[in-house]
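Report on the structure given below.
Hydrogens, waters and symmetry mates are skipped; everything else that's a heavy atom, side chains included, is used. Start at 1 and go down the list; that is how both ligands and their atoms are numbered. Owing to the predicted nature of the structure, the values given are computational and were not obtained by experimental measurement.
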Amino acid sequence: MIVLGIESSHDDTSVALVKDNNVIFNYSISQIEIHKVFGGTVPEIASREHYNNFYVILNKILSNTKFKDELKNIDAIAYTEKPGLIGTLQMGKLFSFALAHKLKKPIYGINHLDGHIFSVLLTDNESEKEKIISYPAIALVASGGHTNLYLLHDVNNKELIGQTLDDAIGEVFDKVARNLGFGFPGGPIIDQIFNELKQENKLNKIHFNFSKTENEFDFSFSGFKTQVVNMLKQGKETNKKQIAFFFQKNVVDYVMKIVNKSIEKYQPKSLILSGGVSANSYLREQFLLAHKNVFLPKKSYATDNGAMIAKAYIEMNK
Ligand code: KG4
Ligand code: ZN
């Protein structure tokens, strides 16, 4: 099956062509540099940027004769329907419907979170063996907007067994980095510091308390940020890089405590990690240790992209 995937739920404009599990092209334009100065995404600016970026990407595709021809052979167009920013989603929907009309192809709305889950199956290499998820599976979607833990009974039957009650995990990485004065987006910056300091053996351990939730599979991350703010206020911990290091260590250990509990209870045949935060090196490492059949997205498909939207459609309509 050949599907064109279109993503615009947040600050990435992306159009991709996916054949089965293989990404033929994936053109993305990130708006991070534009929103950086505001310390977060400005929805109104994001919508206008998507408008321009779709135009740029479409011209890129049409200027490549091979890709232009491939468009005639697609089976369907899949676009991100929800969740996301209302205005940016609307831009993607309008663009997708116009294209579907022009190409005379069927069009389907996809849940962005399904896109993240099935992003783990994407490859860049046609000769790579197709990966197959065995069910039931446990899937964690860890991004800037969500921290959802699912029990996938089957490809089209997912049960939400836990979610964050306050901040999303990516959001808390971003907030902690901002408080420590490291800039935006915080996840990759803190991860880099973590890897720098990992080699040192003279770190003074910094303790973090884990929040308790009524449902054992729910998460609560805002306490991590409060603890960092308090450390800074009290002036007890002055080494900001060490705070970042132990924040990452503790927040990941906390997530793994919950994920491991869910593995114990549901005995899944596969374990999936996805979403922007799945790029985190320590989280990836810990997932690989947690189960014998782990699925992680390639780092290039961890953050929002059109290929994962196309892949979700393909996987759920095989
Ligand atoms: O999935 P995504 O691209 O967009 C949303 O749908 O939110 O996720 C973006 C989030 C940001 O909060 C960013 O800080 C976080 O993913 N992130 C990371 C890393 N790379 C990106 N968090 C921790 N470690 C990373 N290496
Ligand atoms: Zn996302």
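Among the atoms of Asp174, some N or O lies under 3.5 angstrom from an N or O of ligand 1. The shortest N/O to N/O separation between Asp12 and ligand 1 does not fall below 3.5 Å.
Among protein heavy atoms, atom 4 (O) of ligand 1 sits closest to Asp304 OD2, 3.4 Å. Scanning the protein for heavy atoms near atom 24 (N) of ligand 1, the closest one is Asn280 ND2, 2.9 Å.
With no hydrogens or angles considered, a side-chain donor-acceptor pair links Tyr150 and Asn148 at under 3.5 Å. A donor and an acceptor atom, one from each side chain of Asp124 and Tyr301, are located under 3.5 Å apart.
Close contacts of ligand 1 with His116, meaning ligand atoms under 4.0 Å from a residue heavy atom, involve 1 (O). Taking a cut-off of under 4.0 Å to the non-hydrogen atoms of Asp191, the atoms of ligand 1 that pass are 26 (N). Residue contact check: Val277 has heavy atoms under 4.0 Å from atoms 15 (C), 16 (O), 18 (C), 22 (N), 23 (C) of ligand 1. Interface atoms of ligand 1 facing His112, defined by a heavy-atom separation under 4.0 Å, are 6 (O). Close approach of ligand 1 to Gly170 (heavy-atom distance below 4.0 Å) involves ligand atoms 12 (O). Counting the atoms of ligand 1 from 1 in the order shown, those under 4.0 Å from a heavy atom of Thr303 are 3 (O).
Of the charged side-chain nitrogens involved, none lies within less than 4.0 Å of a carboxylate oxygen, so that Lys225 and Asp167 do not count as a salt-bridged pair. Asp69 and Lys72 are joined by a salt bridge, as a carboxylate oxygen and a charged side-chain nitrogen come within less than 4.0 angstrom of each other. Salt bridge annotation for Lys318-Glu130: present, with a cationic side-chain nitrogen under 4.0 angstrom from a carboxylate oxygen. Between Glu81 and Lys93 there is no salt bridge, since no side-chain N of the basic residue sits under 4.0 Å from a carboxylate O of the acidic one. Salt-bridge annotation for Lys249 and Asp253: present, with a side-chain N of the basic residue lying under 4.0 Å from a carboxylate O of the acidic one.
Here the shortest heavy-atom distance to atom 18 (C) of ligand 1, taken over Gly187, Ser30, Gly144, Gly145, belongs to Gly187. Closest to atom 16 (O) of ligand 1 by heavy atom, among Ser281, Pro188, Gly276, Ala168, is Gly276.
Ring planes of Phe224 and Phe208: tilted class, angle from 30 to 60°. Between His112 and His116, the ring planes are perpendicular. Angles over 60° get that label, and only those under 30° would be called parallel.
Atoms NE2 of His116 and NE2 of His112, as seen from the Zn ion (ligand 2), are separated by an angle of 90°, to the nearest 10°.
Among the heteroatoms counted here (N, O or S) of Asp304, OD1 is the one nearest to the Zn ion (ligand 2).
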